[in-house]
Protein chains: 2
Amino acid sequence: MEDFGDVLVWLAVVIQRRYAEICGEHDLTPAQAQLLCSIKDRPLRMAELAGSLGMAKNALSQLVDRIERRGLVQRDSPEIDRRVIVLAVTPEGKKIAEALYADVSRRLPDIADNLEPDLRQTLRTAAVQITNRYIPRLADGSTGMLTPATNAAEKR
Amino acid sequence: MEDFGDVLVWLAVVIQRRYAEICGEHDLTPAQAQLLCSIKDRPLRMAELAGSLGMAKNALSQLVDRIERRGLVQRDSPEIDRRVIVLAVTPEGKKIAEALYADVSRRLPDIADNLEPDLRQTLRTAAVQITNRYIPRLADGSTGMLTPATNAAEKR
DNA sequence: TATTAGTAGTTCATGCCGTGAACTTCCGCA
DNA sequence: TGCGGAAGTTCACGGCATGAACTACTAATA
């Protein structure tokens, strides 16, 4: 008779705890880890990144400050428009991002270890459908335009 | 071809965002909300609560400070052992906790709205199994003893 | 009984994270 | 030329978590 809403919250807690644990082993906080993984394969502008991570621009700016201070990330300003900042990983940052991502891939699904294989598979499907709906995904060859709809961080 | 680990993390993000949103409407942060709901039906000692929420005692102490300052919660010390603090909701706190809980129950599952009914049901089952494994649940007539195993906050 | 060890909880300093408000710099346009 | 808006930043503030040191109390020991 567990309530669905309640159990979803606790599920999120379990996932976040394990994620934070793995991030910690790579000396990263969850927020830093998500930022790093978001740009590990392609640089992004601050505004894109903010939309993609669902955070305000100013919060992102400060998050980038902290990661840049550690040399994992690099701000760059294109000639064409000097207002924008394009954020890219440094070689060091890329190494860490990839190690972390691989670790998350390998070890985070452990939480579903004791589930029946098909239950596990269905969980995966459900998770994919939900995230596809709520998380704005950048296509690989993205132009940088985000679909503003379905973004959880809209203002009222 | 979404990676399972990755998609689980984003699922957690979706859930937490929605949860934070609902909590915000009741003027609570997620941490405050979880604390309040943990004791809305039965008082708990600080140490139990810390174990139940998976946080350190000192963090809990400060969290309680903030909620107590708002009059939602009350510290009490039993005669039998003056060291322990039993935490209970005030009438006001209980009212808020119940309104919040009902709201979470009703509106958080919205994130799974567009799933097929049986997929939705399976998600529920999977979530229940995972949380049962990783979240130490206090039985209703609990003696206060937590099973120390499977607690994510153990020390090495 | 007096000492000691351990338990329950708190306090403090520090750092990360997010918010709202005000700000700078720069582009585009009239 | 000058103005509106876009992209980022800065600041002050509060919530949250951690490690280390601390108080108050109980329980075990001698």
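The CZ atom of R124(A) lies 7.5 Å from the CG atom of D3(B); values are rounded to the nearest 0.5 Å. Distance CG/L119(A) to OG1/T122(A): 6.0 Å, rounded to 0.5 Å. Distance check, rounded to the nearest 0.5 Å: OG1 of T131(B) to CZ of R133(B) gives 12.0 Å.
In the region residues 25-33 of chain A, proximity to DNA chain C at under 4.0 angstrom, judged on heavy atoms, holds for T29(A), A31(A), Q32(A). Residues from residues 57-64 of chain A placing a heavy atom under 4.0 Å of any atom in DNA chain C, listed by number, are N58(A), A59(A), Q62(A), L63(A).
In this structure, the CZ atom of R75(A) is 12 Å from the C1' atom of dT10(D), given to the nearest Å. Separating the CG atom of L49(B) from the C1' atom of dA8(C) is a distance of 14 Å, rounded to the nearest angstrom. Rounding to whole angstrom units, CZ of residue R70(B) and C1' of dG14(D) are separated by 12 Å. Between the CE atom of M46(B) and the C1' atom of dA24(D) there is a distance of 15 Å, rounded to whole Å.
You'll find the side chain of T29(A) stays beyond 4.5 Å of the side chain of R66(A), heavy atoms only. Contact check for R75(B) versus L87(B): side-chain heavy atoms found under the 4.5 Å cut-off. Using a 4.5 Å heavy-atom cutoff, the side chains of L44(B) and V86(B) are not in contact. Annotation: side chain of V89(B) is not in contact with side chain of I96(B) (no heavy-atom distance under 4.5 Å).
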Nucleotide N/O of nucleotides 24-29 of chain C paired with protein N/O under 3.5 Å:
{"residue": "dC27(C)", "atom": "OP1", "partner": "R82(A)", "partner atom": "N", "Å": "3.2"}

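In R70(B), the CZ atom is crowded: over 12 heavy atoms of neighbouring residues, nucleotides or ligands sit closer than 6.0 Å. Counting non-hydrogen atoms of other residues, nucleotides and ligands closer than 6.0 Å to CD of E25(B) gives a total above 12.
A salt bridge does not link E21(B) with R17(B): every distance from a Lys NZ or Arg NE/NH1/NH2 to an Asp or Glu carboxylate oxygen is 4.0 Å or more. A salt bridge does not link E48(B) with R42(B): every distance from a Lys NZ or Arg NE/NH1/NH2 to an Asp or Glu carboxylate oxygen is 4.0 Å or more.
The listed nucleotides are dT10(C), dG8(D), dA17(D); the one nearest the side chain of M55(B) is dA17(D).
Nearer the 5' end of DNA chain C, as judged by each residue's closest nucleotide, is the contact made by V84(B), out of D65(B) and V84(B). Each of I85(B) and R69(A) has a nearest nucleotide on DNA chain C; the 5'-most of these lies closest to I85(B).
For R66(B), no side-chain nitrogen or oxygen approaches OP1 or OP2 of dG14(D) to under 4.0 Å.
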